[in-house]
Amino acid sequence: MSLRWKHIYCGFESSLGRFTLGVVMSLTLVGISKADTKKDRQKVLITGSSTLAPLMTTLATEYEKKHPNVQIDVQTGGSSKGIADCRKGLNDVGMISRSLKASESAVESISVASDGLAFIAHGGLTVNDLTPEQIADIYRAKVSNWKELGGPDLAITPVSKAEGRAALELFKKYFKLKSSEIKAGVIVGDEAHGVKTVASTKGSIGFVSVTTAMQATSVQKQSVVKSVKVAGASPTAADLRSGAYPYSRKLQLVKCRDLRKAVKEFVDFALSAEGQKVVERVGYIPL
Amino acid sequence: MVAALDEWRLQKTSGFIMKFFSAVALCTVLAIFCLVLAPLGSELTNALKWSYLTGVPSDLGRTGGVGPVVKSTLVLLIMSIFMTVVLGLPVAIRLAESTNIFLRSMVDILAGTPSIVFGLLGHALFVQFMELGYSLLSGALTLTCMMLPYFVRVAEDALREVPRRFRLVSASLGLSSHRYFFRVVLPLVKQALLTGIILSWMRAAAETAALLFTAGYSLRSIQGLGILESGRPLSVHIFELSMNIANADDMAFRGAALLLMISFAFLILLRLPGAILKGKSLLTDGLVDKGKVPNEQ
Amino acid sequence: MWATYLYKASLWLAPALVASFVAFGFGFVFFESLPFLRSVDWSGTLSVKWFPSDESYGLIALMSGTVFVVVCALVISLPIAFGAAIELAFFVHGPLRSACLGAVGWFAGVPAVVVGLFGLVYVVPALGNWFGQGFGLAAASIVLLMILVPPTVLQLTETLQAETEGPLLAARSLGLSQARAVWKVVLPAKTFALAQSAMLAASRGVAETLAILMVAGNVVNLPVSFFESFRTINATIALEMPYALDVHRSSLFFLGLLTFVLVWLLRWMSGAFKKRPGLS
């Protein structure tokens, strides 16, 4: 019996059709799995913070262009997962956006980019500058209307981040607040979620990383969000570097053991002048 | 006489109310979705450009294309559908043949499990325990588990429609069970199975949380097709662009438009053989029309 | 023949695989929540305070968040879904019907992320302008409506037309108008199908995580108003899991266990509606 198109389309009805279909599928699956498995390919796995992940992904892409036999995979999961995986040997390096806790001592950190904590507010707000005490009071819900701070008669909606997020930990540390004291109006997860939330709520104020704030306020059409100065200092690269803006942090890689050659070379690339140029190009702040 | 007229008026009015209400409901559904699709619509033409489809993302995804993402998505699509059908058909047969409360509850539990739990489960089972690592295979396996209940439900309904006497007749003619299934049952339920595939794909195409922890987040310029490689599916890419990267809204919508177009193309593709060879409709599945319900006149 | 053996083998192998996956799933979630179950102070769980870093694990706010949002979403989406399905099943015909069904089928494929994004960028500000705060039950219900309605309409349209031809023809031939026939003859026989549809939509609503996360506000509160932030169980797991350690992580798995229980409850409730299949 000769093979016709209808045997493929209406495949299952005839044994010849089934046979052909089976062969085709198996070949496809084998082909797919065999594709691209170069034996001498070095693999690097990096897991951790979602704030640092886009940067590491870009660095990885740039690096792979010059070193085609290295394959770098970046996965998210959060700063704590980065550290936990590092300890368990489940990744090559971890990414974190907060400082190491006292209990995390067996881990060594390598800074890759500068960053900090920035406050953003809804674009229509007339208040541009706040003192740290005012911010703390806003989040404690002691101040609930912008008119108490010299602004319009508009209720304040403080936007905070979910428990355990690095930015929240940083915020609590710098402003000396406990979790139970923070009375947020809205709680968000990732960076841009925060930006969009602040952009869509009049009278809202929230905190994100300086990198995100810079990126969010740089494009004209996105000017529904503006960054808020704290005691006169703005969350820009210049003020961070000079120390005028004190809420800084470093975006870091963590390692728990000696790095393999391939991994070490990639980390060196990230820290090199070329790597730092990439950092700046995608909107992050170089060291 | 007057009573009859009143009765007729009552029927007419209540009939009118009902039709009006239903029509309004339908229009609401359509209107809501046109609203939702409006932001996507403007990005639609951009989404279909070749440079976008095959290009490489740059500037964190704010410019450039989504080539590697599309590759990962398609590989996931093919693998998970294959596994869903292969696993789901026997389950559906079992459920159609006998009332198996245990199996049915298992399937229903799968249907009601939140996506995030699937992500955690998939991660624990496929990525860590089975040591598949972050890979498209882990993602496909997790997707299969999510798609299964939808496919099984449709397949089971279709299998139940097959009259019991067919089984008896074929047995009396000497057909073994597997012959019976492939040669008698399958041609009858093919259309329904296609619907099941489409329905379950709809569920899985947009799945983000589960895939983030199994297939992974990794985005490389040269995405191999290896199933043990990690690859970023389109839904994760959309999520990343809208939730984690500032100023990437238009790209996020573009990705969403692309995802919709992929689903649409998939829909049409599956119905194409039926439409060409048997004249069935491309947009709807034959099942819904088969009622041949009488209409208004 | 080997083919028959393969067929028969797959007939028990596939269900076995599925069952073992579900068993694994349940076992894993249970096992991971053991540390929490062992160390928790059960009296504390009956409160509204969810502050894992301060050891306070109040569940009431979270559970009511999930339940309330599903109920509200069902209240607004079921009438629309049922109405649309009835319209498509019995009152619209020809090319218009194909087009509508195709459109609805296509809409069912809109990713939850996109619907959530739409909610965040358009619905929340609009609600904020009219009612003060946009985030909350109202926005979440609307977003959930957009996710639940298309699949329900599709599935219901098909179910409503199953085995309806006979009775409907009979009713029409007796002189009833289409609307009357549908209302008096077809629908009463389909209560089980309608209830099952509702339960399916409810399970889908319980399972939805991301879209609600984007518009709910996510503050741990009792959702007493439509325009106040609240949080669902799934959102808690999604937001806190990446950063949770030890007991906190275990408590999130316990929340997952709660979701399982909710789904079982829904299944059991839908079973209560069951009649003997077939029209009387």
Side-chain angles (χ1 to χ4, degrees), chain A residues 5-6 8-10 12-15 18 25 28-29 31-38 43 45-47 50-51 53-55 57-58 60-62 64-65 68 71-77 90 188-193 195-196 208 211-219 221-222 225 281-283, chain B residues 56-62 68 75 78-79 82 86 123 127-128 133-137 179 181-187 190 193 212-213 216-232 236 239-250 252 272-274 276-278:
Chain A
W5 277 118
K6 72 170 187 194
I8 313 274
Y9 273 143
C10 308
F12 284 110
E13 289 171 21
S14 74
S15 46
R18 284 204 297 283
M25 286 245 71
T28 320
L29 283 175
I32 285 181
S33 55
K34 279 281 187 287
D36 223 72
T37 44
K38 297 203 180 74
K43 280 191 171 194
L45 180 60
I46 309 180
T47 68
S50 55
T51 315
L55 175 61
T57 307
T58 315
T61 316
E62 292 291 321
E64 278 178 356
K65 278 190 201 154
Q71 179 181 316
I72 306 174
D73 278 332
V74 179
Q75 308 289 351
T76 51
L90 289 173
V188 296
D190 283 326
E191 294 290 299
H193 189 192
V195 172
K196 288 201 174 55
V208 289
T211 313
T212 309
M214 276 168 40
Q215 291 172 0
T217 51
S218 64
V219 179
K221 67 179 176 184
Q222 300 286 124
V225 176
R281 185 159 51 88
V282 287
Chain B
V56 168
S58 54
D59 192 19
L60 300 180
R62 286 188 278 241
V75 172
I78 296 176
M79 280 204 294
F82 179 68
V86 167
H123 186 80
V127 175
Q128 292 183 336
Y134 286 95
S135 63
L136 293 177
L137 186 56
R179 278 259 158 81
F181 179 71
F182 282 112
R183 294 208 180 223
V184 179
V185 177
L186 211 45
K190 250 189 338 210
L193 291 189
L212 187 55
F213 297 120
Y217 166 98
S218 169
L219 185 63
R220 297 206 308 280
S221 43
I222 316 145
Q223 177 76 30
L225 286 174
I227 56 178
L228 287 177
E229 309 277 315
S230 170
R232 185 190 287 193
V236 172
F239 174 72
E240 175 70 9
L241 286 177
S242 59
M243 290 284 108
N244 202 23
I245 301 189
N247 288 345
D249 275 358
D250 46 352
L272 213 53
I276 294 181
L277 295 174
K278 296 187 188 167

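Naming convention: chains lettered A, B, ... in sequence-line order (proteins, then strands); numbering from 1 in each chain.
Ranked by heavy-atom pairs under 4.5 Å with chain B, the list A:T212, A:T57, A:T76 is led by A:T76. Of the residues considered (A:R281, A:H193, A:K43), A:H193 shows the highest number of contacts with chain B, using heavy-atom pairs under 4.5 Å.
By the ring pair (Phe, Tyr, Trp, His ring centres under 6.0 Å) test, B:Y134 pairs with B:H123, sequence neighbours left out. Not counting sequence neighbours, the partners of A:T58 by the side-chain contact (heavy atoms from CB on, under 4.5 Å) test are A:V278, A:V282, B:L60.
The minimum heavy-atom distance linking A:L90 with B:Q128 is given by the pair CD1-NE2, 3.9 Å. The two residues A:V74 and B:Y217 come nearest to each other via the heavy atoms O-CD2, 3.3 Å. Contact detail for A:A192 and B:S242: the closest heavy-atom pair is CB-O, 3.5 Å. Of all heavy-atom pairs between B:L219 and A:T61, the closest is O-OG1, 4.1 Å.
Heavy atoms of A:A53 lying under 4.5 Å from chain B belong to its backbone as well as its side chain.
The line from OG of B:S218 to CD of A:Q71 is 7.5 Å long, rounded to the nearest 0.5 Å.
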